[in-house]
Amino acid sequence: MKKNIIFGSSGLIGSSFHSLVKNNKNFIFYSRNDARFKKFNLNSNIKKFPHKDVNICYFFSSPRILKKNFTNNRFQIEYDWLKKVILNIKINKLIFISSSSVYYEKKHIIGSVKLKCENFILKKKHLFQNYQIWRPFNLVGEKYVKSDHFHNHLFKEMFLKKKNSSIFSGNSSDKRGYADINHFVKILYKESKQSNSFIKNYGNKDLIKISDILNLFNSYYVKINKIFFKSVFKSKKININKVKVKKNTIYYNKKSLTVLKKYLIKSINEKKV
């Protein structure tokens, strides 16, 4: 039987997916340097990859959302990885994680690369029986991970670095809708069993302001540190990032603050702050 392979197993989506299907022997997880998984570096010679013909390829590989990766414009490498995999491995079905940043009005570093990847998949769709492209909005993990997504960056500043104040990009009135990573992965897995091709959005229509997130985090910060964390935002322009109301959209229907509160409590307990 042909195996299902996962590239990018150590990331947010890959880790959640591993927890979901780890007992299924038909799935083989690969990572560049995470000891939990089989090792393969997509920067190396793809000819050395042990699987030449696979059932489903879940392509979760992407540079982390870190300021240094924006500075070095490292995100372009995702396209190189994807192109290498598609052209050198026979794939029955390809599952690709794109981004909500493809909808940004102004050209975005990540969004432009994700669109380039999507277009390459569509150009080479004759190589697959099916392809599935996902555009998730504002996914939240179970607990803190090292990234510069706002909720992770804020947790780091407040609870790990134990700062009293900090300066952030954006505006405190920016709005986001947050969704649970595990719910998304369950939907992705269920859809990956279907014999159809699509591009789908996934997200939460329940929008909250950045100031609401700060208030939630401060309610715990004050209990621990007996002081109020102060924040300053650089931008005067308000940005709203919300999932599109379209037929090709799957919605997460819980409150955004509920998702973030669950994340925050587990992160505090995990880090013992």
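Here, residue 1 is the first one in the sequence, and each next residue gets the next number.
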[X] and [Y]: aromatic ring centres closer than 6.0 Å?
| X | Y | answer |
| --- | --- | --- |
| F184 | Y252 | no |
| W81 | F59 | no |
| F198 | W134 | yes |
| F168 | H153 | yes |

Hey, is [atom1] on [X] packed in by over 12 heavy atoms from elsewhere, all under 6.0 Å?
| X | atom1 | result |
| --- | --- | --- |
| K52 | NZ | yes |
| K242 | NZ | no |
| K209 | NZ | no |
| K2 | NZ | yes |

Can you find a heavy atom in the side chain of [X] that is under 4.5 Å from one in the side chain of [Y]?
| X | Y | result |
| --- | --- | --- |
| F60 | L12 | no |
| I121 | L82 | yes |
| N171 | I210 | no |

Here's one to test your reading of the geometry: is the NZ or CZ of [X] within 45 degrees of the ring axis of [Y] and under 6.0 Å from its centre?
| X | Y | result |
| --- | --- | --- |
| K116 | Y79 | yes |
| K38 | Y30 | no |
| K123 | F120 | no |

Strictly by modelled atom types, are [X] and [Y] linked by a side-chain donor-acceptor pair under 3.5 Å?
| X | Y | result |
| --- | --- | --- |
| N92 | N55 | yes |
| N152 | S147 | yes |
| N182 | S16 | yes |
| N88 | K47 | yes |
| N239 | R176 | yes |
| N138 | N241 | yes |
| Y58 | S192 | yes |

Shared hydrophobic cluster, [X] / [Y] (ILVMFWY, side-chain heavy atoms < 4.5 Å):
| X | Y | answer |
| --- | --- | --- |
| V145 | V185 | no |
| I28 | I86 | yes |
| I227 | V222 | no |
| L87 | V85 | yes |
| I240 | F137 | no |

To check you understand the geometry: which heavy-atom pair defines the closest contact between [X] and [Y], and what is its length?
| X | Y | result |
| --- | --- | --- |
| D34 | S10 | OD2-CB, 3.3 Å |
| K266 | K143 | CG-CB, 4.1 Å |
| S98 | P136 | O-CD, 3.7 Å |
| K237 | D174 | O-OD1, 3.8 Å |

Partner of F7 by ring pair (Phe, Tyr, Trp, His ring centres under 6.0 Å), out of F49, F96, F37, F29: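 Between F7 and the candidates, ring pair (Phe, Tyr, Trp, His ring centres under 6.0 Å) is satisfied uniquely by F49.
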Using a strict cut-off of less than 4.0 Å between a Lys/Arg side-chain nitrogen and an Asp/Glu carboxylate oxygen, indicate whether [X] and [Y] qualify as a salt bridge.
| X | Y | value |
| --- | --- | --- |
| K161 | E157 | yes |
| K200 | E191 | yes |
| E118 | R135 | yes |
| K254 | D180 | no |
| K114 | E78 | yes |

Can you tell me how far [atom2] of [Y] sits from [atom1] of [X], rounded to the nearest 0.5 angstrom?
| X | Y | atom1 | atom2 | result |
| --- | --- | --- | --- | --- |
| S100 | I110 | OG | CD1 | 9.0 Å |
| S112 | N73 | OG | CG | 7.5 Å |
| K124 | L94 | NZ | CG | 13.5 Å |
| I77 | S62 | CD1 | OG | 10.5 Å |
| I89 | C57 | CD1 | SG | 6.0 Å |
| L207 | D212 | CG | CG | 10.5 Å |

Plane angle bin for [Y] and [X] - parallel if under 30°, tilted between 30 and 60°, otherwise perpendicular:
| X | Y | value |
| --- | --- | --- |
| Y189 | F17 | perpendicular |
| Y221 | F229 | perpendicular |
| H108 | Y104 | perpendicular |
| F233 | F150 | tilted |

Do H183 and K186 pass the side chain to side chain contact (heavy atoms under 4.5 Å, CB included) test, and can you show the C-alpha distance, the side-chain angles, and the key distance before you say yes or no? CA-CA 5 Å; H183 181 267; K186 288 176 182 177; 5.8 Å; no
N/O donor-acceptor pair under 3.5 Å between K48 side chain and F40 backbone: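 Side chain of K48 to backbone of F40, a donor-acceptor pair under 3.5 Å: no, none is there.
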